[in-house]
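In what follows, a single structure is set out as structure tokens and then discussed.
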Number of protein chains: 2
Amino acid sequence: MDEIPDNCKVATTLDMIVGKWKIAIMLHLLHNGTMRFNELRKVMPSVTQKVLTSHLRELEEEGIIKRVTYPQVPPKVEYSMTKYGESLQMILDLMHDWGVSHLAQKQRQQSRQLFENDNG
Amino acid sequence: MDEIPDNCKVATTLDMIVGKWKIAIMLHLLHNGTMRFNELRKVMPSVTQKVLTSHLRELEEEGIIKRVTYPQVPPKVEYSMTKYGESLQMILDLMHDWGVSHLAQKQRQQSRQLFENDNG
DNA sequence: CGGAATCCTCTATGATACTG
DNA sequence: CAGTATCATAGAGGATTCCG
């Protein structure tokens with residue numbers, strides 16, 4: 001993203017967490033600690049293997065999650081948040097809170113419009 | 001987004017601010033107060049009219065920005081953040097700060113890798 | 001089990017031209 | 001000035017198959 005004032009780095013953070021399932025992945029890892037590939041698939045049945053893999057790779061690339069492979073057959077791979085990745089939780093929490101109040105606000109807006117249509 | 005624990009509403013907020021130019025639009029409005037359509041175009045020359053319009057409509061739809069049209073020829077339309085939209089600034093600031101430190105962290109990672117390649 | 005490879009679809013964005 | 005209308009395109013995501 002260009003043409004943003006003051007050398008803004010909002011987009012840097014945004015790019016880390018944008019991706020259809022990245023938030024879900026991070027929240028599951030934050031909640032469960034360590035998870036194997038198929039455990040992630042089980043809690044997110046709608047994600048395809050390909051997308052899950054690519055999201056995990058990208059999060060790993062940014063240092064947000066850690067990937068540990070155990071050289072055995074069948075393979076075993078464990079994912080977890082890094083300390084660094086955990087520092088994102090503050091932002092996620094804030095976004096969650098704002099989202100909740102936003103939904104409440106929209107509710108109020110819609111009620112008001114209904115009222116005005118009925119009584120205006 | 002589904003399959004997220006605890007009825008999470010992170011995605012609600014994310015959906016508001018995802019869009020190639022939405023962050024830029026919000027930051028310009030936060031910085032300048034009120035701006036006309038073509039003023040926004042001038043500070044963001046890479047955005048096409050169509051995309052700028054659709055982003056503005058979506059932000060307005062969510063109550064984040066306010067659109068005021070003056071019924072005159074030639075038309076005059078002014079955009080500004082709503083009080084409500086301004087409550088997002090906290091999140092944007094936090095994301096900016098995280099982005100800055102993330103870039104610093106990546107720098108360090110890359111330096112370390114160079115060092116290890118030279119001296120390992 | 002945890003992928004990689006291939007092919008496909010759909011949506012966000014862009015280019016361009018026109019208008020009240 | 002502030003849009004709308006059309007058409008085009010890249011890339012994110014999805015479906016399916018195969019593999020060590």
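Convention: sequence-line order gives letters A, B, ...; per-chain numbering from 1. Heavy-atom basis, side chains included; hydrogens, waters and symmetry copies ignored.
The CD atom of A:E58 sits 14 Å away from the P atom of D:dG11 (whole-angstrom rounding). The CZ-C1' distance, from B:R41 to D:dT4, rounds to 13 Å in whole Å. Atom NZ in A:K22 sits about 9 Å away from atom P in D:dA12, given to the nearest Å. Straight-line distance from the CG atom of A:L14 to the P atom of D:dA12: 14 Å, rounded to whole Å.
At a cut-off of 3.5 angstrom, the base of D:dG13 holds no donor-acceptor pair with the side chain of A:K20.
The side chain of A:T48 has D:dA15 as its nearest neighbour among C:dA17, C:dG3, D:dA15. Across C:dC1, D:dT4, D:dA15, the shortest atom-to-atom separation from the side chain of A:P74 is found for C:dC1. The listed nucleotides are D:dG3, C:dG3, C:dG2; the one nearest the side chain of A:Y79 is C:dG3. Comparing D:dA15, D:dT4, D:dG20 by their nearest atom to the side chain of A:K50 picks out D:dA15.
Within the 4.0 Å cut-off from OP1 or OP2 of D:dA12, not a single side-chain nitrogen or oxygen of A:H55 is found. Listed pair B:R36 / D:dG3 fails the phosphate criterion, with no side-chain N or O lying under 4.0 Å from OP1 or OP2.
Counting only N and O atoms by type, the side chains of B:H102 and A:E62 include a donor and acceptor under 3.5 Å apart. No side-chain donor from either of A:E39 and A:Y79 sits under 3.5 Å from a side-chain acceptor of the other.
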